[in-house]
Amino acid sequence: MVQPTPLSSDALHRRGLMFIMSSPSGAGKTTISRMLLEADDAIRLSVSATTRPMRPGEVDGKDYHFVTQPEFDRMVEDEQFLEWAHVFGHSYGTPKAQVKAGLREGCDFLFDIDWQGTQQLYQKLETDVVRVFLLPPSIDELRRRLTGRGTDSTDVIAARMERARAEISHWDGYDYVVVNDDIDQCFDKVREILHAERMKRARQTGLIGFVRELMRP
Ligand code: ADP
Ligand code: 5GP
């Protein structure tokens, strides 16, 4: 009789997770997020809505849903957000619809959101949330990265540097902290976290049936 091929534990059905990456602005979370999305087909970006102006190279609907303040306020009123916050004088929010259905189907979502949004998501969906905080190797390097990125005016960079210390102070509200010194090493560490979190027993909803089958006399 032909034996059935053993099932890899990776192939079992599991519930998706919410992979949150935060950092002080300029520490590299957009860069690491893009690398992760490119390398891993099973995770997709939760595209936030924002009222801030589009930066060169950004695409509406891909990087953010760029909306006006009245549009954003209407979305808040209609309870379309899982969380929302004011950051750097603009409004940012995580739309609800896509994420809730996706998690059930085993899709993972990546969130590039700040500590306020992280707290709100953790309060609502604690068991689905994995919180990763990126730190720059030094404050001087953070300034160099913000300047080198070339997307913000001197005033905006000064404001972001001003806020960096306050943002860093939230490091202890995260499950994992990674220093983004060498980009490739940082990426490898973030990827390892994602892989390990996928294997958590509670997320592998297909395990019960699989184990029952293994134990059948
Ligand atoms: P954030 O999204 O956290 O604001 P970005 O990903 O936009 O930060 O990174 C800020 C700048 O720093 C970008 O120009 C990026 O290319 C650069 N950068 C990111 N990580 C590193 C790193 N490990 N070493 C050197 N430069 C980096
Ligand atoms: P940026 O304007 O540089 O893209 O983002 C500014 C800050 O807003 C970053 O710290 C980013 O993580 C945060 N942010 C982006 N989208 C959201 C969101 O939907 N909710 C919250 N709370 N923060 C967000």
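By convention here, the first residue in the shown sequence is residue 1. Whatever order the structure lists ligands and atoms in, that order sets their numbers, starting from 1.
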Of the side chain and backbone of [X], name the one, both, or neither that has a heavy atom under 4.0 Å from an atom of ligand 2.
X	value
Q116	neither
M21	neither
R52	side chain
Y64	side chain
R55	side chain
E83	side chain

Write out all pairs satisfying ring pair (Phe, Tyr, Trp, His ring centres under 6.0 Å) with one or both partners inside residues 99-124, taking only residues at least two apart or from two chains.
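Every pair satisfying ring pair (Phe, Tyr, Trp, His ring centres under 6.0 Å) with a residue in residues 99-124: W115-H170.
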
Nearest-contact summary for atom 9 (C) of ligand 2 - protein heavy atom, Å
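Here the nearest protein heavy atom works out to K29 CE, 4.0 Å.
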
Once you round to the nearest 0.5 Å, how far does OG1 of T127 lie from CG of L17?
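So the gap between those two atoms works out to 10.5 Å.
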
At what distance, to the nearest 0.5 angstrom, does CG of L110 lie from NZ of K29?
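Rounded to the nearest 0.5 Å, the CG-NZ separation comes out at 11.5 Å.
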
Within the structure provided, determine whether F133 and M21 are in side-chain contact (heavy-atom separation under 4.5 Å).
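No, every pair of side-chain atoms sits at 4.5 Å or beyond.
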
Any V47 side-chain heavy atom under 4.5 Å of D63 side chain
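V47 does not reach D63 side chain to side chain.
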
If you count the atoms of ligand 2 from 1 in the order shown, which ones are under 4.0 Å from a heavy atom of [X]?
X	result
G117	22 (N)
G93	18 (C), 19 (O)
A85	22 (N)
T94	19 (O)
R160	3 (O)

Given 3.5 Å as the limit, does a donor-acceptor pair link the side chain of T51 with the main chain of H90, or not?
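Pair absent, no side-chain N/O of T51 close to backbone of H90.
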
Pick out the protein N or O atoms lying less than 3.5 Å from any N or O of ligand 1, and list each pair with its distance.
residue: ligand 1; atom: 2 (O); partner: T30; partner atom: N; Å: 2.9
residue: ligand 1; atom: 2 (O); partner: T30; partner atom: OG1; Å: 2.4
residue: ligand 1; atom: 3 (O); partner: S23; partner atom: OG; Å: 3.3
residue: ligand 1; atom: 3 (O); partner: G26; partner atom: N; Å: 3.3
residue: ligand 1; atom: 3 (O); partner: A27; partner atom: N; Å: 3.4
residue: ligand 1; atom: 3 (O); partner: G28; partner atom: N; Å: 3.0
residue: ligand 1; atom: 3 (O); partner: K29; partner atom: N; Å: 3.0
residue: ligand 1; atom: 3 (O); partner: K29; partner atom: NZ; Å: 3.1
residue: ligand 1; atom: 4 (O); partner: G26; partner atom: N; Å: 2.7
residue: ligand 1; atom: 4 (O); partner: R149; partner atom: NH1; Å: 2.8
residue: ligand 1; atom: 6 (O); partner: T30; partner atom: N; Å: 3.3
residue: ligand 1; atom: 6 (O); partner: T31; partner atom: N; Å: 2.8
residue: ligand 1; atom: 6 (O); partner: T31; partner atom: OG1; Å: 2.5
residue: ligand 1; atom: 7 (O); partner: R149; partner atom: NH1; Å: 2.9
residue: ligand 1; atom: 8 (O); partner: G28; partner atom: N; Å: 3.1
residue: ligand 1; atom: 20 (N); partner: N180; partner atom: ND2; Å: 3.1
residue: ligand 1; atom: 23 (N); partner: R145; partner atom: NH2; Å: 3.4
residue: ligand 1; atom: 23 (N); partner: N180; partner atom: OD1; Å: 2.8
residue: ligand 1; atom: 23 (N); partner: D181; partner atom: O; Å: 2.9
residue: ligand 1; atom: 23 (N); partner: I183; partner atom: N; Å: 3.4
residue: ligand 1; atom: 24 (N); partner: R145; partner atom: NH2; Å: 3.2

Regarding D152 and R160, does a basic nitrogen lie under 4.0 Å from an acidic carboxylate oxygen?
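Yes.
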
So does R145 pair up with D140, basic N to acidic O under 4.0 Å?
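No, R145 and D140 are not salt-bridged.
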
According to salt bridge (Lys or Arg N to Asp or Glu O under 4.0 Å), does anything in residues 66-83 pair up with another residue at least two apart or in another chain? List the pairs.
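Sorted result for residues 66-83: empty, none.
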
Quick test of your reading: applying salt bridge (Lys or Arg N to Asp or Glu O under 4.0 Å), list the pairs with at least one residue in residues 180-194, sequence neighbours left out, ordered by first then second residue.
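Listed by first then second residue: nothing to list.
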
Over-ring placement of R163 relative to F88, 6.0 Å and 45° cut-offs:
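Yes, a cation-pi geometry.
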
Among R203, Q204, R14, find the one that has a side chain to side chain contact (heavy atoms under 4.5 Å, CB included) with R198.
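That would be R14; it is the only one of R203, Q204, R14 passing the side chain to side chain contact (heavy atoms under 4.5 Å, CB included) with R198.
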
Compute the centroid of each ring, for F81 and then for F72, and state whether the two points are separated by less than 6.0 Å.
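Ring-ring flag for F81/F72: true, centres closer than 6.0 Å.
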
Counting heavy atoms only, which of D112, D63, V47 is nearest atom 14 (N) of ligand 2?
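Comparing heavy atoms across D112, D63, V47, the nearest one to atom 14 (N) of ligand 2 lies in D112.
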
For atom 22 (N) of ligand 2, which candidate among D114, I113, T151 holds the nearest heavy atom?
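The option holding the nearest heavy atom is D114.
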
